[in-house]
Amino acid sequence: MKRLLFSIGFLCMLSSCSQNDDELDLMPQAEVTFPSFGGLSFELEALFEYRFREGNAAGDFVNLTVNEAIPSQFTFIHQQEGFVGLYRPQEVYLRNVEAGTTQSYRDFVGFGDEERRETVVNDDIYIALLFRYTNTLEELRLRLINTQNNVQTEVNLGAVQGVGRLYMMDEFIIVSLHDTNSNATVLYQIDRSTAAIVQSWSFENTNVVSAVAFAPDEEFYFYDGEGAYYRHAFNSQELIEKKATSFLPNARFYYRVVDNQLVSYYNYIQPSFLPRGPELFDLTSDTAIQVDIAPIYSEFLAQNLGFTNITATDFAYDRDNERWISGYLAQDNDGNSKSGVFLISASGQLLAQMDLERPLRYIVLLN
């Protein structure tokens, strides 16, 4: 089975906590090894990419600023699975972390007086942008850019008084338009190479936090934000299933359903050591399997005296082995730091630890 990942980029401020009278063993277990993974590290002077292959003793950092002339500072970053879009005012760098390739696009026009931009997504070739011209703000438009041949296509989606969101799914762009006046949501399936509208679906009595999750067999789940999902097939109006659910997705995230499970996160009850932790949500049983990673992070502080805070930089799920990779960055009051990744079981047990010279802000599993 191909490894699939869901990666959530965030910075969580943590502090120490008690683990009853037991201490966690932060020494790596010899019989447990990390799967192949990569990631990006953003430093002031350069952008670095890390690659580790299962079975090796260590991985390597590559300086992408030196090797591929990718800058180190960006105005916006978009991530979807292994694709990372690095946006600057007049240029975009589309990095495929798994393949180790970059597509640069130098004709990208930044924000100006003539248009108001609302959201943007990308893979390693295409950029999709929702925007409005300032002289016709009631009309929402979609711009598709093929960065390999610089072909740009615009689609007028009509008068939309509400929130628009974008998703990339294989050869299609999915546009979600929520009308705040009627509380209705319309989804458009658009061919990304021709910009043609292939199919559309309408949903009544939805919430602004509605979201889409993509499934195998060319299906998708539309979460209405009101406690239900609608399961549809692409290229068809057929409703396969409507079901009540307790899952509340983040509309800005990219979800993929595998084995009837969603990889997501949950919010810790505050005050807590960190705001979020990793979660698997089972659609069949409508239950969440949450992993408490806070004890591992607080124990790291306890065993590394002098470091006063620690952050969880990102986490990714190794579905094949039911394990989480979770990045960390610890700092002291003098600016010294330690960084690396933890390998954590589905039950929250620390399996292995790897120190790295730089923190990984995005983590991607590699095939």
Side-chain angles (χ1 to χ4, degrees), residues 1-7 78-83 85 94 96 98-99 119-130 142 144-146 148 153 155 157 164-178 184-204 206 210-225 228-245 247 249-264 280-286 316-317 319-320 364-365 367:
M1 179 190 297
K2 179 181 179 181
R3 284 195 179 108
L4 299 175
L5 82 103
F6 178 87
S7 180
H78 169 75
Q79 183 196 17
Q80 176 177 311
E81 297 192 314
F83 306 126
L94 307 181
N96 186 328
E98 182 173 342
T119 187
V120 62
V121 298
N122 65 267
D123 58 14
D124 56 345
I125 298 176
Y126 286 89
I127 299 172
L129 173 72
L130 281 181
L142 170 69
L144 296 178
I145 304 173
N146 184 327
Q148 292 184 333
T153 309
V155 180
L157 299 170
R165 293 188 176 92
L166 289 172
Y167 306 90
M168 285 270 190
M169 176 59 183
D170 298 331
E171 301 301 316
F172 297 102
I173 307 293
I174 305 301
V175 182
S176 173
L177 304 179
H178 177 79
T185 298
V186 178
L187 295 185
Y188 291 99
Q189 176 188 353
I190 298 176
D191 187 297
R192 69 177 189 177
S193 61
T194 65
I197 297 177
V198 178
Q199 187 68 260
S200 64
W201 301 266
S202 297
F203 303 92
E204 304 297 328
T206 62
S210 59
V212 178
F214 300 98
D217 302 322
E218 297 185 347
E219 296 178 355
F220 70 90
Y221 293 73
F222 173 73
Y223 287 84
D224 65 4
Y229 70 69
Y230 299 76
R231 182 180 166 199
H232 274 273
F234 285 115
N235 306 311
S236 171
Q237 287 290 326
E238 177 188 2
L239 175 62
I240 300 173
E241 177 187 33
K242 178 184 178 182
K243 186 177 179 180
T245 179
F247 182 64
N250 185 326
R252 296 183 177 88
F253 285 177
Y254 179 87
Y255 295 97
R256 192 184 284 268
V257 179
V258 179
D259 297 331
N260 232 31
Q261 289 182 327
L262 285 166
V263 182
S264 183
L280 279 180
F281 193 90
D282 189 278
L283 301 181
T284 302
S285 62
D286 195 47
Y317 185 57
R319 188 181 294 276
D320 288 353
V364 177
L365 267 70
N367 289 318

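Counting begins at 1 with the first residue of the sequence.
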query = Among all residues two or more places apart in sequence or in another chain, which pass the ring pair (Phe, Tyr, Trp, His ring centres under 6.0 Å) test with Y188?
reply = none
Donor-acceptor under 3.5 Å (D259 side chain, Q261 main chain) = no
request  = Check side-chain hydrogen bond (donor to acceptor under 3.5 Å, both in side chains) between Q189 and all other residues, then give those that pass, not counting sequence neighbours.
outcome  = N235
ask   = Are L365 and D320 side-chain neighbours, meaning at least one heavy-atom pair lies under 4.5 Å?
value = no
query = Could you give all pairs that pass the salt bridge (Lys or Arg N to Asp or Glu O under 4.0 Å) test and reach residues 188-201, with sequence neighbours left out?
reply = D123-R192, E171-R192
query = Sub-3.5 Å donor-acceptor pair from the side chain of W201 to the main-chain atoms of S236, do we have one?
reply = yes
query = Of all residues at least two apart in sequence or in a different chain, which pass the side-chain hydrogen bond (donor to acceptor under 3.5 Å, both in side chains) check with S285?
reply = D282, T287
ask   = Taking C-beta and beyond as the side chain, do L129 and I145 meet within less than 4.5 Å on heavy atoms?
value = no
ask   = Under 4.5 Å between any side-chain heavy atoms of F222 and F203, yes or no?
value = yes
note = Shortest non-hydrogen pair, G164 vs L177, comes out as CA-CD2, 3.8 Å
query = Judged by atom type as modelled, is there a donor-acceptor pair below 3.5 Å linking the side chain of Q80 to the main-chain atoms of M168?
reply = yes
task = Working to the nearest 0.5 Å, report the span between NE2 of H178 and CZ of R165.
result = 8.5 Å
remark   = Closest non-hydrogen contact found for V364 with Q79 is CG2-NE2, 4.4 Å
task = Verify side-chain contact (heavy atoms from CB on, under 4.5 Å) between L130 and L157, making sure each step is shown before the conclusion.
result = CA-CA 10 Å; L130 281 181; L157 299 170; 3.9 Å; yes
task = Compare every heavy atom of G85 with every heavy atom of N122, then report the nearest pair and how far apart it is.
result = OD1-CA, 3.3 Å
note = On a heavy-atom basis, the closest approach of A128 and L166 is O-CD1, 3.4 Å
With sequence neighbours excluded, residues passing side chain to side chain contact (heavy atoms under 4.5 Å, CB included) with N96 = F83, E98, A99, T101, D124
query = salt bridge (charged side-chain N to carboxylate O under 4.0 Å, His left out) with E218: which residues, sequence neighbours excluded?
reply = none
key: Rounded distance [0.5 Å steps], CZ in F220 versus CD1 in I174   = 7.0 Å
remark   = Rounded to the nearest 0.5 angstrom, the CG-OG distance for N146 and S193 is 9.0 Å
request  = Work out which heavy atom in A213 is nearest to a heavy atom in L262; give both atom names and the distance.
outcome  = CB-CD2, 3.9 Å
ask   = With a 4.5 Å limit on heavy-atom distance, are the side chains of I173 and Y126 in contact?
value = no
query = Shortest non-hydrogen contact from S202 to V186?
reply = OG-CG2, 3.9 Å
inquiry  = For I127 and V120: C-alpha separation, side-chain torsions, deciding distance, then whether side-chain contact (heavy atoms from CB on, under 4.5 Å) applies.
reply    = CA-CA 7 Å; I127 299 172; V120 62; 3.7 Å; yes
query = Testing F253, Y254, F172 for ring pair (Phe, Tyr, Trp, His ring centres under 6.0 Å) with F214, which one passes?
reply = Y254
query = Which residues pass the side chain to side chain contact (heavy atoms under 4.5 Å, CB included) test with E241, sequence neighbours left out?
reply = Y229, R231, K243
key: D224: salt bridge (charged side-chain N to carboxylate O under 4.0 Å, His left out) partners, not counting sequence neighbours   = none
ask   = Which residues satisfy the ring pair (Phe, Tyr, Trp, His ring centres under 6.0 Å) test with F247, sequence neighbours excluded?
value = Y223, Y255, F281
query = Could you state the interatomic distance from CG (L283) to CG (N260), rounded to the nearest 0.5 Å?
reply = 5.0 Å
ask   = By side-chain hydrogen bond (donor to acceptor under 3.5 Å, both in side chains), which residues pair with H232, not counting sequence neighbours?
value = none
key: Which residues share a side-chain hydrogen bond (donor to acceptor under 3.5 Å, both in side chains) with Q148, sequence neighbours left out   = none
Interatomic distance, Y230 atom OH to T206 atom OG1 [nearest 0.5 angstrom] = 8.5 Å
key: Partners meeting side chain to side chain contact (heavy atoms under 4.5 Å, CB included) with A211 (sequence neighbours left out)   = Y167, P249, A251
